[in-house]
Asks: 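Sharing a structure here in structure tokens format.
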Amino acid sequence: MENELTKVEDLKKTDKALTKVAVAYGDGIGPEIMKATLKILKASGAPLSFEPIEVGEQVYLAGNTAGISGEAWEIISRNKIILKAPITTPQGKGYKSLNVTLRKSLGLFANVRPVSALHPFVKTNFPNMDIVVIRENEEDLYAGIEHRQTQDVYQCLKLITRPGSEKIIRYAFEYARAYNRKKVTCMVKDNIMKITDGLFHKVFKEIAHEYPDIESNTQIIDIGSAKVAARPEQFDVIVTSNLYGDIISDIVAEIGGSVGMAGSANIGKEVAMFEAIHGSAPDIAGQKIANPSGLINAAVMLLAHLKQTKLADSLKNAWLKTIEDGIHTPDIYEEKSSVLRVNTDEFADAVIERLGQEPEHLKVSVLNEGTGEIQIPEYTRKVAKKQLVGVDVFIDWAGNNPQEIGEQLQKATSNSLKLKMITNRGVKVFPNGIPETYCTDHWRCRFVKQQVQLKNDTPQYLSINYSDVIDLLVELQASDFDIIKTENLYEFDGQRGFSLGQGE
Ligand code: NAD
């Protein structure tokens, strides 16, 4: 440790050796916990320098709906590393979430949230839990592509991509290796979303093969989340898509008993951002009683990311020792088990006093040499033969008898594409629907080439041209059908690239 610090002192003499970090002081308790965290970082001898950026409430209220100034973007693109305190998104129309803006604009594809119990020093029902949730951060339902299509129906597109899945899943395995983790669990719902979640699961299985040293398994997200809530000790690293990850990482933080104490990293190819998982806590802002632990843990992750493993361990161990010594801010202070009730600054000073010490009861942090920035290879697209075999035409129709719309559609069309079936909210209602199925005004009408052949009971689709689709649409429009949208049906290397209707 001493050698490392001496080396760091040497490095500090030349400004060039310092990694510049863009620092967002945030709102509410943000400035208080950031001041405390920077004080600790400086005392630890971390070879960092800090450049403040303007983001958050004041920027929003000055009329910038994204909450981030142009100058802040410049500093971020120069420095590539951000330490961010929580910010307050003002209530009202038009303000965009700064977090989502930063994640998407900067390509921060991986959201990493480690949560481990600090039993018996911080109350939890799960003394042995130690989980890292790695959540895909850029796509899924968070693409934000939504439409109202009829009087009754609204849709949100769920986009799962192969490059996005490969990146996050490989990151999870690389993280497991770098941080000495034993198991990666994938959470999906591919029993229902066979194509989108099916892709995520398939990529997981492909990549897991490349990491035989790490145990891997998959759970369906519903029962998987229930098991996390009931028996979190059974999980190690969890990798999942954006929405599931959002939910499950909050469950993990909550049951860890340490929402105010967990840090998180948002990792991209070029840029990385580190922050506490909690918000700006306006209810206690200005009182200097906030717990800076979440941001301190984010700073530990920042140091590890910069391959400053010894410094990361030193900071983490000093923090663990402080918690273990019962020096607690009011949010975790307990008459019975705590020793000293401290404010934000006093907590930071206590951590600084313990730099170089290790906890005696909690698990000592020992990162592998070489842990740090994880390199993900460039994506190589494998091109499959893509063939158009049909079209789903979505129609707004106010009637409620599927037989009626089915017959009207059959009458209206005379070209080579024929109506194969109609679904309503995914359930086949024509031909041969059942009267109990509730129907909205949103009808998905599947047209394919007249002769669909069967091979081993599986329909073999015949290829069509897009001009067939256009001819069909012209006929439908001539018969006054209200076409909302079309979705082309493709096969890729002969594999169906679309789901069947329920009951098709
Ligand atoms: P919050 O996390 O700010 O507060 C929830 C509760 O936890 C409050 O009682 C608060 O006092 C307490 N708390 C949170 N952090 C604490 C700490 N470090 N020490 C002691 N107590 C702490 O959640 P909220 O009240 O729902 O949100 C407040 C604001 O924060 C909102 O404007 C929200 O949009 C924003 N927010 C920002 C981020 C971010 O920037 N990453 C994340 C979440 C919420």
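The analysis underlying the following values was restricted to heavy atoms, covering all of them including side chains, and did not include hydrogens, waters or symmetry mates. In listed order, ligands and their atoms are each counted from 1.
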Asks: Less than 4.5 Å apart, any side-chain heavy atom of Tyr60 and any of Leu98?
Replies: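 Heavy-atom side-chain distance check passes, below 4.5 Å.
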Asks: I'd like the residue list for ligand 1, meaning every protein residue with a non-hydrogen atom under 4.0 Å from the ligand.
Replies: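 Ligand 1 pocket, heavy atoms under 4.0 Å: Ile29, Lys84, Pro86, Ile87, Thr88, Thr89, Asn99, Glu275, His278, Gly279, Ser280, Ala281, Pro282, Asp283, Ile284, Ala290, Asn291, Asp331.
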Asks: Is the closest side-chain heavy-atom distance between Ile374 and Ile267 below 4.5 Å?
Replies: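 No, side chains not in contact.
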Asks: Under a 3.5 Å cutoff, is there a donor and acceptor pairing between the side chains of Ser293 and Asn291?
Replies: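 Short answer, yes.
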Asks: Start with the C-alpha gap between Asp140 and Ile160, add the side-chain angles, then the distance that decides, and say whether side chain to side chain contact (heavy atoms under 4.5 Å, CB included) holds.
Replies: CA-CA 5 Å; Asp140 191 5; Ile160 301 287; 4.1 Å; yes
Asks: Do Asn424 and Arg444 have a side chain donor and acceptor closer than 3.5 Å?
Replies: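 No donor-acceptor contact under 3.5 Å links the two side chains.
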Asks: Check the angle between the aromatic planes of Tyr175 and Tyr171 and answer parallel, tilted or perpendicular using the 30° and 60° thresholds.
Replies: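 Tyr175 vs Tyr171 ring planes: tilted.
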